[in-house]
Engineer: 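Handing you this structure, nothing more for now.
Values below: all heavy atoms of this structure, side chains included; hydrogens, waters and symmetry mates excluded.
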Amino acid sequence: MGGLWLAAGKLEVPSSVDGGSSVGNNGSTMPLKLSDKKLAVLGAGKLGGILLRAYLRQKLFTSKRVTATVKHGEKATSIGGELKVFVTTDNRKAVKGADIVLLGVKPQVIAEVLKEIAPEVSEKTLVISVAASVPTSYLEQHLGAKVPVIRAMPNTPAAVGCGMTGICRGAHAGPEHLEIARAMFDAVGRTVVVDEKNMDAVTGLSASGPAFAYIILESLAEAGVKVGLPRDVATLLAAQTMKGAASVVLETGEHPAQLKDAVTTPAGCTIDGILELEEGKLRVTLIKAVVKATSRAGELLFEK
């Protein structure tokens, strides 16, 4: 399995992984019929709720074949009424008869949840986990019965269809299971298949990354205010500029360094700004932030 790499100054994507494209964007992979599958979403809170709403909105799954769980009964009633799906606080009840189980619970409670649902899953059940730091081997050990497992790490921009998800498969999952997971996460953005050893790095970069980007965006907007722009205008300029820059990288495949050089004219204003960034060690600080977040991701499972 592989991911993205740089070649000849361009962002390259492997043409196939286990028989299919490794990066999708809202349906770029072969469409799969999932509407006849029964889906159980355990932990329909922030991330689980984002994914569930996207699936229902895009009719990837039908509401009558979806169950979900939350921790509190009042919230179950509220979400069930809003989404027109069966929502309960009983994980075992929710997964009974499910074809696909999406684990959206926190790493700290994953062992308890796996113990609850193990009697109801089998080798015919696909379990997809978005719990940060939890390896497929841990899931397989607690589920037993050679249950196929996919580990995924999406991020919060999935809420607006611009998510980035890294996925990998466990020992009992085949290419067909990978394709199902890929279709589910392509529905909320882009998907890349990586080796499991790189999943904590995915967490540190793309899952934590939006928070880092928001800090940069906020700082750019504050700078705009400093030089005389109204705050709403400065925020719009900063946000659209960041979105545009990212879009150029994705759509052209050009290396970010080459694109930076194209903006940086000799003796112009941009190079003076870049010198300030370099003096402030922005580059090394961002690198260290991702390294630290990656390291932290590997510790979450074992905390209570």
Side-chain angles (χ1 to χ4, degrees), residues 20-21 24-71 75-105 113 116-117 120-131 139 143 147-167 169 173-191 193:
S21 64
N25 186 7
N26 296 326
S28 64
T29 56
M30 187 68 68
L32 296 175
K33 183 173 176 57
L34 298 177
S35 57
D36 59 348
K37 302 286 187 182
K38 182 178 178 183
L39 171 69
V41 179
L42 307 188
K46 291 183 180 179
L47 187 54
I50 286 171
L51 295 170
L52 177 55
R53 284 174 173 80
Y55 299 154
L56 295 174
R57 185 170 60 250
Q58 297 185 29
K59 296 181 171 55
L60 197 64
F61 296 91
T62 58
S63 58
K64 65 181 180 180
R65 297 186 65 78
V66 172
T67 58
T69 66
V70 291
K71 192 172 182 179
K75 190 171 183 181
T77 302
S78 173
I79 294 178
E82 174 198 350
L83 301 180
K84 303 297 185 292
V85 300
F86 176 71
V87 184
T88 177
T89 58
D90 188 332
N91 291 315
R92 182 169 178 176
K93 185 176 183 180
V95 304
K96 189 176 181 64
D99 300 299
I100 303 169
V101 176
L102 180 65
L103 292 173
V105 299
V113 173
E116 289 179 55
I117 69 172
E120 300 295 342
V121 300
S122 70
E123 59 187 36
K124 295 182 179 180
T125 312
L126 173 59
V127 175
I128 302 174
S129 170
V130 298
L139 299 167
L143 291 171
V147 175
V149 169
I150 298 289
R151 179 180 172 186
M153 193 66 254
N155 62 12
T156 55
V160 292
C162 289
M164 184 67 236
T165 304
I167 63 174
R169 60 173 173 163
E176 68 278 13
H177 301 116
L178 206 60
E179 287 300 321
I180 290 173
R182 186 179 293 148
M184 289 172 63
F185 292 104
D186 282 351
V188 292
R190 294 174 180 252
T191 308
V193 179

Engineer: Out of curiosity, Gln58 CD to Ser35 OG, how far, rounded to the nearest 0.5 Å?
Structural biologist: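 So the CD of Gln58 and the OG of Ser35 are separated by 13.5 Å.
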
Engineer: Does any N or O in the side chain of Asp99 come within less than 3.5 Å of the main-chain N or O of Lys37, such that one atom is a donor and the other an acceptor?
Structural biologist: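 Such a contact is absent between Asp99 side chain and Lys37 backbone.
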
Engineer: At their closest point, which heavy atom of Lys38 faces which heavy atom of Thr67, and how far apart are they?
Structural biologist: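 So the minimum-distance heavy-atom pair works out to CE-CG2, 4.1 Å.
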
Engineer: Going by the rule side chain to side chain donor-acceptor pair (under 3.5 Å), which residues pair with Thr69 if we only count those two or more places apart in sequence or in a different chain?
Structural biologist: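 Side chain to side chain donor-acceptor pair (under 3.5 Å) check on Thr69 returns Asn91.
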
Engineer: Suppose the criterion is side chain to side chain donor-acceptor pair (under 3.5 Å): which pairs have a residue in residues 79-88, not counting sequence neighbours?
Structural biologist: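 Those involving residues 79-88 are Arg53-Glu82.
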
Engineer: Could you check Leu102 against Leu51 for side chain to side chain contact (heavy atoms under 4.5 Å, CB included), going step by step and ending with a plain yes or no?
Structural biologist: CA-CA 10 Å; Leu102 180 65; Leu51 295 170; 3.9 Å; yes

Engineer: Residues two or more places apart in sequence or in another chain: which of them pass ring-ring contact (aromatic ring centres under 6.0 Å, His included) with Tyr55?
Structural biologist: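 Result, ring-ring contact (aromatic ring centres under 6.0 Å, His included) vs Tyr55: Phe61.
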
Engineer: Between Leu60 and Ala187, which heavy-atom pair has the shortest distance, and what is it?
Structural biologist: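 What the structure gives for the nearest pair is CD2-CB, 4.1 Å.
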
Engineer: Shortest non-hydrogen contact from Ala54 to Val188?
Structural biologist: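 Looks like CB-CG1, 3.3 Å.
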
Engineer: Less than 4.5 Å apart, any side-chain heavy atom of Asn155 and any of Thr165?
Structural biologist: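 Answer no - side chains too far apart.
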
Engineer: Evaluate side chain to side chain contact (heavy atoms under 4.5 Å, CB included) for Leu39 paired with Met184, printing each intermediate quantity in order.
Structural biologist: CA-CA 11 Å; Leu39 171 69; Met184 289 172 63; 4.2 Å; yes

Engineer: For residues Ile50 and Ala158, report the shortest heavy-atom separation together with the two atoms involved.
Structural biologist: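 Looks like CG2-C, 3.7 Å.
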
Engineer: Applying side chain to side chain contact (heavy atoms under 4.5 Å, CB included) to Val193 and Arg182, what does each step give before you reach the verdict?
Structural biologist: CA-CA 8 Å; Val193 179; Arg182 186 179 293 148; 3.2 Å; yes

Engineer: Looking at residues at least two apart in the chain, or sitting in another chain, which of them share a side-chain contact (heavy atoms from CB on, under 4.5 Å) with Ile150?
Structural biologist: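 Residues passing side-chain contact (heavy atoms from CB on, under 4.5 Å) with Ile150: Leu126, Ile128, Ile167, Arg169, Ala173, His177, Leu178, Ala181.
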
Engineer: Considering only residues two or more places apart or on different chains, which pairs with a residue in residues 148-160 satisfy salt bridge (charged side-chain N to carboxylate O under 4.0 Å, His left out)?
Structural biologist: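 Only Arg151-Glu196, Arg151-Asp200 qualify under salt bridge (charged side-chain N to carboxylate O under 4.0 Å, His left out).
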
Engineer: Considering only heavy atoms from C-beta outward, does the side chain of Val41 approach that of Val101 to under 4.5 Å?
Structural biologist: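 Not touching, per the 4.5 Å side-chain cut-off.
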
Engineer: For the atom pair NZ (Lys75) and CD1 (Ile79), what is the distance rounded to the nearest 0.5 Å?
Structural biologist: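 CD1 of Ile79 is found 5.0 Å from NZ of Lys75.
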
Engineer: Taking the side chain as everything from C-beta on, heavy atoms only, tell me whether Phe86 gets closer than 4.5 Å to Arg65.
Structural biologist: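 No, every pair of side-chain atoms sits at 4.5 Å or beyond.
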
Engineer: Could you walk me through whether Leu103 and Leu139 pass side chain to side chain contact (heavy atoms under 4.5 Å, CB included), step by step?
Structural biologist: CA-CA 10 Å; Leu103 292 173; Leu139 299 167; 4.1 Å; yes

Engineer: How close do Leu52 and Ala68 get, heavy atom to heavy atom, and via which atoms?
Structural biologist: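 Taking Leu52 first and Ala68 second, the nearest heavy atoms are CD2-CB, 4.1 Å.
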
Engineer: Can you see which heavy atom on Val147 is nearest to which on Thr125, and at what distance?
Structural biologist: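 For Val147 and Thr125, the tightest heavy-atom pair comes out as CG1-O, 3.5 Å.
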
Engineer: Only counting residues at least two apart or in another chain, list the ones meeting salt bridge (charged side-chain N to carboxylate O under 4.0 Å, His left out) with Lys96.
Structural biologist: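 With sequence neighbours excluded, Lys96 shows a salt bridge (charged side-chain N to carboxylate O under 4.0 Å, His left out) to Glu120, given in chain and number order.
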
Engineer: For residues Leu83 and Ser63, determine if any side-chain heavy atom of one lies less than 4.5 Å from a side-chain heavy atom of the other.
Structural biologist: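 Leu83 does not reach Ser63 side chain to side chain.
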
